[in-house]
Amino acid sequence: MYEEQAEQVSDFLKRLGELRKCLNVEDVKVRIGELDAAMAAQGFWDDPETAQKVTQERKSLLSVITAPDELQQQLEDLE
């Protein structure tokens, strides 16, 4: 029974890896890093309109990767 569950977890991890590729999770993380750097730049918050657009983009991108990242962690913990 344990072997069957371990095999299922392994299969889920493989399928999750494929999903992460489809969602471009790694590229999204790079973009989030770029936005974080922009937000940390001096004077960024001086333009509220641009700041709002950047923070909205960041929030949207985070929503794309949060679920796959959480599921990845949970499956690795099970493994």
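A quick note: this is a predicted structure, and the numbers were derived from the prediction, not measured.
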Exercise for review: Indicate whether the side chain of Glu76 and that of Gln72 have a donor and an acceptor atom separated by less than 3.5 Å.
Suggested key: yes
Check your understanding: Does Leu61 share a hydrophobic cluster with Met39, counting links as ILVMFWY side-chain heavy atoms below 4.5 Å and allowing steps through other members?
Key -> yes
Review point. How long is the gap from CG on Asp36 to CZ on Arg58, to the nearest 0.5 Å?
Key: 4.0 Å
**Study point:** Side chains of Asn24 and Val64 in contact at under 4.5 Å (non-hydrogen atoms)
**Key:** no
Practice item. Indicate yes or no for a side-chain donor-acceptor contact from Thr55 to the backbone of Gln52 under 3.5 Å, with no hydrogens or angles considered. Key: yes
Check your understanding: Should Leu71 and Leu19 be counted in the same cluster of Ile, Leu, Val, Met, Phe, Trp and Tyr side chains packed under 4.5 Å apart?
Key -> yes
Review point. What distance do Lys21 atom NZ and Glu18 atom CD have between them, rounded to the nearest 0.5 Å?
Key: 7.0 Å
Exercise for review: Work out which heavy atom in Pro68 is nearest to a heavy atom in Leu16; give both atom names and the distance.
Suggested key: O-CD2, 3.9 Å
Check your understanding: If you measure only the distance, is there a donor-acceptor pair under 3.5 Å linking the side chains of Asp69 and Gln73?
Key -> no
Point to revise | Inter-residue atom distance Glu7.CD - Phe12.CZ, 0.5 Å rounding | key: 11.0 Å
Check your understanding: Which heavy atom in Ala51 sits nearest to a heavy atom in Phe44, and how many Å separate them?
Key -> CA-CZ, 3.5 Å
Practice item. To the nearest 0.5 angstrom, please state how far the CG atom of Leu75 sits from the CZ atom of Arg15. Key: 10.5 Å
Point to revise | Results of side chain to side chain donor-acceptor pair (under 3.5 Å) for Arg31 - residues two or more places apart only | key: Glu34, Glu57
**Study point:** Presence of salt bridge, Arg20 and Glu26, under 4.0 angstrom
**Key:** yes
Practice item. Verify, without hydrogens or angle tests, whether Thr66 (side chain) and Leu62 (backbone) share a donor-acceptor contact under 3.5 angstrom. Key: yes
Exercise for review: State the NZ-CG distance between Lys53 and Leu35, to the nearest 0.5 angstrom.
Suggested key: 13.5 Å
